[in-house]
Amino acid sequence: MNILVFGPNGSGKGTQGAIVQKKYNMPHIESGAIFRQNIGGGTELGKAAKEYIDRGDLVPDDITIPMILDRLKEDDCKTGWLLDGFPRNKVQAETLAKALAEAGINLDYVIEIILDRDIAKLRITGRRLCVNDNNHPNHIAFDAIKPVEKDGKMVCRVCGGELKTRPDDQDDGAIDKRHDIYYDDNTGTMAAVNYFKQLEGPKVISVDGTPSIGEVSEAIMSQL
Ligand code: AMP
């Protein structure tokens, strides 16, 4: 099963992706997480991407597109994948669709989490990243995924690992820029969403991102 998941930053896209990934045991390929791992590891890719990410800009397509297309060729993707954070603009969408068609790979589902921009922004600043596993969602404002306290410190609710905030989640300008890109239906991410929605083939699952994590996940799972 091959799935694309879309949603503005703060919509719970990563959290929902982690739930689907766990249930179907498929690789959860998150473009932003790959960049952050490379930044953490001090790689050339990380160095090239960092300034864009810190500002909330997209990393240029000539870096991002090959990175994702190469990742999809790895062995663990042969039986299915969940792609999260890519495509982020119309060019990426068209390039991905072409690459999949050429490789004879079907896209089965397009999941779209719909959320008002103001709510998405409010949600961003409360999320926390587990240093051990990107698929351990933590958020200080949601009981279902609230970090736990250990020795006077808030730690990951899943593994007790250290929690970090993302620099681009604490920067108002970077948050706004990411949302400008997401909600742009001309060349931005909404243009990519609409591109995939009009293709024949994939089933589109559009869900409201405002209810609880469990309710959103139920809405997605019942249609997968
Ligand atoms: P995310 O974790 O999805 O919020 O992504 C964090 C940052 O990584 C974004 O603000 C971009 O700078 C960069 N990024 C992630 N995915 C892409 C993409 N598909 N194209 C370009 N830049 C990306």
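Ligands are counted one by one from 1 in listed order, and the atoms in each one are counted from 1 as well. Side chains are part of it too, since the values below use all heavy atoms of this structure and drop only hydrogens, waters and symmetry mates. For the single chain, residues carry numbers from 1 onward in sequence order.
By the criterion of side-chain heavy atoms lying less than 4.5 angstrom apart, applied directly or through intervening Ile, Leu, Val, Met, Phe, Trp or Tyr residues, Ile175 is not grouped with Leu58; the two fall into different hydrophobic clusters.
The nearest protein atom to atom 6 (C) of ligand 1, hydrogens excluded, is given as Arg166 NH2, 3.4 Å; this is a heavy-atom distance. In terms of protein heavy-atom proximity, atom 23 (C) of ligand 1 is nearest to Phe35 CE1, 3.7 Å. The protein atom (non-hydrogen) at minimum distance from atom 2 (O) of ligand 1 is Arg36 NH1, 2.9 Å. Of the protein's non-hydrogen atoms, the one nearest atom 16 (N) of ligand 1 is Ser31 OG, 2.7 Å. Taking atom 9 (C) of ligand 1 as the reference point, the nearest protein heavy-atom neighbour is Arg88 NH2, 3.4 Å.
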Practice task
For the pair Ile29 and Cys77, evaluate side-chain contact (heavy atoms from CB on, under 4.5 Å) and give the outcome as yes or no after the intermediate values.
Solution key: CA-CA 9 Å; Ile29 302 166; Cys77 291; 3.6 Å; yes
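Sequence neighbours left out, the pairs with a member in residues 150-195 that pass ring-ring contact (aromatic ring centres under 6.0 Å, His included) are His179-Tyr183.
Considering backbone and side-chain N/O of Asp168, none are found under 3.5 Å from N/O of ligand 1. Residue Ala33 places no N or O, backbone or side chain, under 3.5 Å from any N or O of ligand 1. Checked against a 3.5 angstrom limit, the closest N/O atoms of Pro87 and ligand 1 fall outside it.
Contact annotation: for Ile68 versus ligand 1, there are no heavy atoms closer than 4.0 Å. Contacts of Thr64 with ligand 1, taken as heavy-atom pairs under 4.0 Å, involve the side chain alone. Contacts of Asn9 with ligand 1, taken as heavy-atom pairs under 4.0 Å, involve the side chain alone.
Separating the CD atom in Gln92 from the OG1 atom in Thr64 is a distance of 5.5 Å, to the nearest 0.5 Å. For the atom pair NZ (Lys197) and CG (Leu4), the distance works out to 13.0 Å, reported to the nearest 0.5 Å.
Taking a cut-off of under 4.0 Å to the non-hydrogen atoms of Val59, the atoms of ligand 1 that pass are 13 (C), 21 (C), 22 (N). With ligand atoms numbered from 1 in the order given, ligand 1 contributes 19 (N) to contacts under 4.0 Å with heavy atoms of Phe86. The distance from ligand 1 to the heavy atoms of Gln92 drops below 4.0 Å at these ligand atoms: 18 (C), 19 (N), 20 (N), 21 (C). For ligand 1, the atoms lying closer than 4.0 Å to a non-hydrogen atom of Asp57 are 11 (C), 12 (O). The contact set between ligand 1 and Arg178, taken as ligand atoms under 4.0 Å from a residue heavy atom, comprises 4 (O), 10 (O). Here is the list of ligand 1 atoms found below 4.0 Å of a heavy atom in Gly85: 16 (N), 17 (C), 18 (C), 19 (N).
No heavy atom of Glu30 sits closer than 4.0 Å to any atom of ligand 1. Under a 4.0 Å heavy-atom criterion, Arg55 is not in contact with ligand 1.
Asp168 and Asn9 are not linked by any side-chain donor-acceptor pair at a separation below 3.5 angstrom, with hydrogens and angles left out of the test.
Met1 belongs to a hydrophobic cluster with Ile3, Val5, Ile19, Val20, Tyr24, Met26, Leu82, Tyr109, Ile111, Ile113, Phe142, Ile145, Ile205, Val207, Ile213, Val216, Ile220, Met221, Leu224, counting contacts under 4.5 Å between side-chain heavy atoms of Ile, Leu, Val, Met, Phe, Trp and Tyr, direct or through other members.
The two atoms that bring Ile114 and Ser206 nearest to each other are CD1-CB, 4.1 Å, heavy atoms only. In terms of heavy-atom proximity, Val59 sits nearest to Ala49 at CG2-CB, 3.9 Å. Scanning both residues, His136 and Cys159, for their nearest heavy atoms gives ND1-SG, 3.6 Å. The minimum heavy-atom distance between Gly161 and Asn132, with the atom names listed, is CA-ND2, 3.5 Å.
Atom NZ of Lys203 sits in a crowded spot, with more than 12 heavy atoms from other residues, nucleotides or ligands closer than 6.0 Å.
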